[in-house]
Structure formats: structure tokens, C-alpha cells
Amino acid sequence: MKNTSHYIVNLDDKFHSTRNSVSLYRYWRQLHRQQRVFIIAVVLLCIFIYIGYRSHSTEKIVKLLPEYHRQEISKEKEAWQRKQIEQAQPIKVKVQKQIFSDPINERQIAVRDAMRHAWKAYRTYAWGYDELLPLSKVSSPWFGLGLTIVDSIDTLYIMNMTEEYNEAREWIEKSFDCDSNSADKFNSHFEITIRILGGLLSIYHLTADEIFLKRAIELGDRLLVNFNTPTGLPLAEINIKRKAASGYRWTSDSALSEVGTVQIEMRDLSRVSGDKKYEDAVDKASAVLHSQSKKDGLVPIFISPLTGRFSGGVVSFGARGDSYYEYLLKQWLQTGQQRPVFWEDWIECIEGVRKHLWRLAYPEKLYFVGELTGMSIFSPKMDHLACFLAGNMALGWYFQRNLTYLLDMAKDLTKTCYQLYAKQETGLSPEIAYFNTDPHLNGETITVRDNDAHNLLRPELIESLYYMYYLTDDKTYQDWGWEIFQSFEKYTRQTDGYSSINDVRHKDNVRPRDKMESFFLAETLKYLYLLFDKKNLFSFDQWLFNTEAHPLPIYKN
């Protein structure tokens with residue numbers, strides 16, 4: 001302290017001498033100009049050094065804060081953060097077993113007998129394999145995952161076919177194996193999702209049997225690999241055993257339906273497993289689809305998972321496009337109507353249908369849904385697959401009753417799809433039809449070309465009849481369904497099982513194709529059985545069907 005005081009006194013003598021009565025100001029004025037500049041430079045340098053030091057010190061402190069953050073925050077803040085993390089994770093939903101009774105009328109009994117006939121043939125000649133060739137009486141390989149068993153087990157359960165259900169359950173428990181050599185092949189990611197994952201999830205919801213959830217998680221974990229693309233849109237094919245994804249050999253694009261019809265199943269898997277990763281993957285894919293430019297809600301049937309861009313310019317509610325539009329509405333329902341983007345995209349696409357695809361065919365004045373090529377050129381072609389849209393629009397009307405045009409369009413399209421059946425000698429629909437839109441042309445309203453005359457045992461009209469009956473209480477739709485079922489019995493039933501046919505136009509030469517599709521058991525017979533019940537076994541407020549007719553619950557959020 002002595003030395004410091006002495007230094008201060010000396011400074012006082014030099015710069016502030018009271019003895020000489022020289023003020024600081026006068027002294028400053030007496031200094032030479034160079035001396036004043038030097039002093040100012042020294043002072044400024046000191047200031048800059050001080051500011052730099054303080055800034056550097058503060059920066060170090062800021063960088064250190066995250067490292068010691070946990071030690072510094074209060075217990076209350078820690079508790080709050082834990083709560084946020086917990087809320088970010090989905091809560092595993094509780095599943096309640098559903099009970100179904102035996103058939104209640106002759107029509108339901110007849111449909112269950114058909115299911116038993118189909119199942120017996122598969123059980124005898126193709127057990128454990130994917131599908132049955134009913135004429136050859138051999139199995140047809142595809143996924144290597146027992147497709148017909150998994151795809152139709154919920155139909156067995158709903159029809160109360162206890163013995164058949166139990167043997168199917170046992171196979172899934174003991175023999176369903178994603179690591180089997182039979183699964184070592186590339187197959188459709190979309191088909192595996194809607195048929196096999198959808199089937200496992202559905203039967204889990206109906207029975208609350210944990211073995212089905214276990215198998216669904218095993219499969220879902222492998223399906224995630226397909227979403228590892230720059231856009232998050234899934235690649236078209238997957239090798240389940242190798243956990244490897246691939247595009248098609250002939251194109252890098254995927255079909256619109258393939259990238260837009262996997263969301264319901266994967267989202268449900270997150271809800272029942274409590275693991276958000278499945279839902280996160282499909283939500284990203286949905287966001288990409290939503291963000292793309294559209295023509296009044298309509299988009300081409302091909303899209304690149306690598307760029308997210310559409311290609312081709314063909315717009316269709318038939319093959320490769322259909323279920324993308326179907327799932328817009330159903331995702332809105334699945335999420336408790338809490339995500340309006342799905343409804344907005346769906347209702348926009350319906351407006352696009354009205355503006356660009358909805359036409360009247362002459363002379364019988366039947367409304368139908370055509371297609372676009374090059375995004376602008378209308379084609380009067382309609383796939384049987386597009387008949388799903390009638391039920392889809394009716395379902396949308398059920399939740400928005402003020403939009404009466406939805407029900408009107410649904411009725412008109414259902415009538416047209418029924419005529420696709422009624423006008424053929426066999427009473428069965430062709431795969432594709434063309435319509436006459438010229439009111440001055442005195443030709444047939446509906447034309448079927450040779451290459452389009454086959455019937456694959458498809459469910460789409462039966463699906464729409466199911467919705468139309470329960471939403472309008474008009475028994476006409478039940479009667480139409482019964483007519484079609486009888487035609488299936490007459491022209492597709494074989495000694496063992498059922499077969500798709502090559503020509504619906506000539507009842508004496510239908511030429512069976514030797515293929516019993518798994519969806520005949522999973523969808524067509526299921527929708528027929530539900531159509532003939534006295535009440536709707538799956539309330540539209542509580543359940544929805546995926547595109548393979550597997551019932552899944554509606555959530556509140």
C-alpha cells in the first residue's frame with residue numbers, strides 16, 4: 001500500500017500540482033500535439049484490450065453453460081423437462097378383445113360356407129405358402145410369409161370359424177419367420193404392408209393376443225429400412241430377410257399408391273407398440289406428398305423417392321393411384337380428425353374429380369370416373385379398382401353431412417359399378433371398362449376390350465355396397481351384393497377353392513386363370529359377410545378399414 005500511495009502522490013505532483021496551480025486542463029493545453037496524440041492512443045488501446053478481455057471471458061462462460069447446465073438448473077425445471085419428454089412419447093394403447101357371434105341369416109351362412117371352402121382348399125394344398133393355384137392344386141410363392149394365412153385370419157375370427165382361426169394362429173406363432181430362406185427375395189413393400197402388417201395389426205386389435213403384436217413389430221422394424229431415402233418416401237421393394245430396400249429394376253420411381261398407402265398401418269404400429277419411430281417415418285412421407293404441387297388435388301401415378309417429384313402425367317383412381325386418395329380421408333379419421341391437412345387434401349382431390357374426371361356416359365346416362373394423360377387429356381377409361389371411391393365419398397359425407405354432393409356422387413358411381421357386373425353374361429365385372437361420352441353416338445354405354453375382360457375376384461364394389469347400405473339403409477345394396485356373390489359361386493368356384501377368370505363376357509367360356517388371390521378371403525368375402533349383417537359390426541365412428549379390409553381403430557388424436 002505504501003508503494004502504491006507513493007506512486008499516486010507522484011502522479012499528483014506531475015499532472016495535478018496544486019502548488020503550481022496548474023489545472024489538468026491547462027497542463028493538457030501546454031503539452032505538445034504529439035504528446036497528446038500518444039496519450040490518447042495509449043488510453044484507447046487500454047480500452048480495447050479491456051473490452052476484448054471481457055468479451056472473451058463472456059464467450060467462455062456462454063460455452064461452458066451447457067456443460068454445467070444440469071448442475072445449475074433447479075429441480076423444478078428438471079421435473080418440467082422430464083414431463084415434456086414423457087409427453088413426446090406415444091402412450092401404448094390398450095387393446096380390448098372383440099367377440100363375434102355365428103352367422104345370423106342364410107346369406108351370411110352362405111358366405112361363411114364359401115370362406116370355409118376356400119380355406120379348406122388352401123389348407124390342403126398350399127398350407128404355409130402364400131397363395132393357392134386351385135386348378136393345379138399347388139402353392140404359389142410370393143413373399144414367403146404365409147400370405148393367405150395372415151391376410152385372412154381376421155376374416156376367420158370375424159366369422160367365428162374357431163377351428164380354422166386356431167390353426168392359423170398356431171402357424172403365425174410357430175412358423176411365421178422374417179428370417180426364413182423363403183423370404184430372401186425382393187417384393188412389394190406396399191403389398192407386404194397392407195396385407196401382412198395390416199393383417200397382424202388387425203387380428204391383434206380383435207383378439208388382444210400379444211403374439212400378433214410381437215410379429216407385427218418384427219415385421220415393422222424391417223419395413224423401416226425402405227424409408228431411408230433423401231425424401232423419406234419409401235422405395236418400392238424390400239427383401240425382408242436381408243433388411244434391404246430397392247427400387248424397381250425397370251424404374252427408380254415408385255407408384256403413388258405405394259408411397260401413399262403405408263401410413264395407416266405404420267401409424268397404428270406406433271400406437272400399439274408405444275414406439276414413435278414408425279409414425280415418424282410415415283409422417284415425413286405424408287409431408288412430402290402434401291408439399292408437392294397438384295392439379296386441383298390430383299397428381300400423377302408415379303413419383304421418385306429420391307427427389308419427391310411426380311412423373312408421367314397419368315392421373316388415375318385405378319391401378320397405381322387409387323389408395324393414395326383413399327388414405328387421405330382415412331388418415332384424417334384415424335387421427336381423430338385432429339389433423340385437418342388430410343381432410344383438406346382429400347376434399348381438394350374430390351373437387352379435382354368433379355372438375356376433371358367426372359363424366360356422363362350415354363345413352364344410359366351413367367356417371368363414371370375417367371383418367372387423365374399428360375395431366376390434361378381425358379380418357380373415358382375406368383378400372384374396377386376405382387369403384388372404391390363410391391364408398392370413400394359416402395364415408396366422407398358421413399362425417400360432413402352438409403356436403404350432400406358427396407353422397408349423390410357415391411350413389412351415382414355405385415350404380416355405374418353395379419352395371420359393370422349386371423351387363424356381363426356372367427354377372428361379374430371386367431377389370432377395365434371404357435365409356436361412351438358422345439350423346440350423339442348410338443352405341444354401347446360400356447365397352448369391354450379383350451385384354452380387360454378378366455375378373456380377379458376383386459372386392460371394390462362389395463366394399464362400396466357395404467358403406468352404402470349402412471349409410472343409407474337401402475336394402476338394394478344388399479340385394480346387389482347377393483347377386484354378385486351368386487355369380488362368384490357359379491363362375492369362379494372350383495372343386496377346390498375359387499379361381500379368377502379370363503372372360504366375364506361369355507358364361508360358357510370363362511377360362512379360369514388358376515389363381516385364388518389372398519384378397520378374395522381377406523376382403524371380398526369379409527365385406528360380403530359384413531354387408532349381410534343386421535347391424536354394422538364395425539362402427540364408422542370407432543373403426544376404419546385399411547385398403548386390404550383389415551379393421552383398425554380410430555384414435556382420438
Side-chain angles (χ1 to χ4, degrees), residues 106-107 110-115 117-118 121 131-136 318-319 361 364 366 368 380-388 390-391 413-436 443-466 468 476-529 531-532 549:
E106 291 184 2
R107 290 181 176 181
V111 174
R112 190 172 76 164
D113 286 346
M115 180 67 183
H117 179 71
E131 290 178 319
L132 168 69
L133 305 182
L135 302 182
S136 304
E364 295 177 66
L366 298 175
F368 71 101
K381 167 182 175 287
M382 186 175 82
D383 293 6
H384 179 272
L385 285 166
C387 290
F388 88 90
L413 186 56
T414 303
K415 177 183 175 181
T416 299
C417 288
Y418 168 69
Q419 288 300 319
L420 290 179
Y421 286 77
K423 287 183 174 295
Q424 312 307 320
E425 283 189 7
T426 59
L428 294 174
S429 170
E431 180 73 358
I432 299 171
Y434 289 82
F435 293 80
N436 171 37
E444 294 290 332
T445 303
I446 300 173
T447 301
V448 180
R449 299 176 181 177
D450 290 345
N451 290 337
D452 306 326
H454 51 285
N455 181 285
L456 302 181
L457 311 174
R458 289 200 186 277
E460 283 74 27
L461 176 57
I462 308 301
E463 173 186 357
S464 287
L465 293 176
Y466 162 70
M468 295 303 295
T476 299
Y477 299 116
Q478 283 187 321
D479 294 338
W480 287 354
W482 181 243
E483 288 178 24
I484 293 169
F485 172 71
Q486 289 178 305
S487 294
F488 278 130
E489 286 292 289
K490 188 171 184 179
Y491 295 105
T492 70
R493 184 176 175 125
Q494 309 300 321
T495 303
D496 296 282
Y498 292 78
S499 174
S500 54
I501 59 176
N502 269 305
D503 197 337
V504 298
R505 301 167 300 178
H506 304 106
K507 62 182 181 181
D508 296 326
N509 188 26
V510 298
R511 293 182 288 126
R513 294 164 67 97
D514 195 18
K515 182 72 176 292
M516 186 171 77
E517 303 278 356
S518 75
F519 58 66
F520 180 66
L521 292 76
E523 299 185 74
T524 308
L525 293 179
K526 182 187 293 164
Y527 277 128
L528 281 165
Y529 187 82
L531 172 64
F532 299 140

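These numbers come from the heavy atoms of this one structure, side chains and all, not from hydrogens, waters or symmetry mates. All residue numbers in this chain count up from 1 along the given sequence.
- Under the 4.5 Å side-chain criterion, counting only non-hydrogen atoms from C-beta, M115 is not in contact with H117.
- In this structure, OG in S500 is found 10.0 Å from CZ in R458, a value given to the nearest 0.5 Å.
- The ring-ring contact (aromatic ring centres under 6.0 Å, His included) check on Y466 picks up Y470, Y527, F540, F545, with sequence neighbours excluded.
- Side chain to side chain, D503 and H506 meet the donor-acceptor criterion of an N or O pair below 3.5 Å.
- If you run ring pair (Phe, Tyr, Trp, His ring centres under 6.0 Å) between Y498 and each of F519, F520, F488, F485, only F520 comes through.
- Side-chain contact between M516 and L521: present, with at least one pair of heavy atoms (C-beta onward) separated by less than 4.5 Å.
- Around CD of E444, the count of heavy atoms belonging to other residues, nucleotides or ligands within 6.0 Å does not exceed 12.
- Contact detail for Y491 and E425: the closest heavy-atom pair is OH-O, 4.2 Å.
- Residues passing the ring-ring contact (aromatic ring centres under 6.0 Å, His included) test with Y529, sequence neighbours excluded: none.
- Checked for salt-bridge contact, D450 and R505 meet the test: a charged N lies under 4.0 Å from a carboxylate O.
- To the nearest 0.5 Å, atom OG1 of residue T524 and atom CG of residue L457 are 6.5 Å apart.
- Minimum interatomic distance between Q494 and L135 (heavy atoms only, all atoms of both residues): OE1-CD2, 3.4 Å.
- With hydrogens and angles disregarded, no donor-acceptor distance shorter than 3.5 Å links the side chain of Q424 to the backbone of S429.
- Between Y421 and H384, the gap from one ring centroid to the other is short of 6.0 Å.
- The main-chain N or O of R511 is found under 3.5 Å from a side-chain atom of N502 such that the two form a donor-acceptor pair.
- With a 4.5 Å cut-off on side-chain heavy atoms, D452 and Y434 count as touching.
- Across P134 and D496, no two heavy atoms sit closer than the pair CB-O, 3.0 Å.
- Across A121 and G497, no two heavy atoms sit closer than the pair CB-N, 3.3 Å.
- Between T492 and S499, every side-chain heavy-atom pair lies at or beyond the 4.5 Å cut-off.
- Counting heavy atoms from C-beta outward, K515 and E131 have side chains that approach closer than 4.5 Å.
- For the pair T414 and A390, the tightest heavy-atom approach, listed with the atom from each and the gap, is OG1-CB, 3.2 Å.
- Annotation: the span from F388 atom CZ to E523 atom CD amounts to 12.5 Å, rounded to 0.5 Å.
- In this structure, the side chains of F435 and T447 stay at 4.5 Å or more apart for every pair of heavy atoms.
- When all heavy atoms of I432 and V448 are compared, the closest pair comes out as O-CG1, 4.2 Å.
- Interatomic distance, CG of L366 versus CG of N436, reported as 11.0 Å (0.5 Å rounding).
- Atom NZ of K415 sits in a sparse spot, with 12 or fewer heavy atoms from other residues, nucleotides or ligands closer than 6.0 Å.
- Once rounded to the nearest 0.5 Å, the distance linking CG of L528 with CD of Q478 reads 11.0 Å.
- Here the side chains of I501 and L428 are in contact, with some heavy-atom distance below 4.5 Å.
- Between the CG atom of N451 and the CD atom of E431 there is a distance of 12.0 Å, given to the nearest 0.5 Å.
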Open item on the list: With side-chain contact (heavy atoms from CB on, under 4.5 Å) as the criterion, how do C387 and L420 come out once you've worked through the C-alpha distance, each side chain's angles and the decisive distance to 0.1 Å?
Closed with: CA-CA 10 Å; C387 290; L420 290 179; 4.3 Å; yes
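- Judged purely by atom type and a 3.5 angstrom limit, K526 uses its side chain to pair as donor or acceptor with the backbone of A522.
- In this structure, the side chains of S487 and T426 stay at 4.5 Å or more apart for every pair of heavy atoms.
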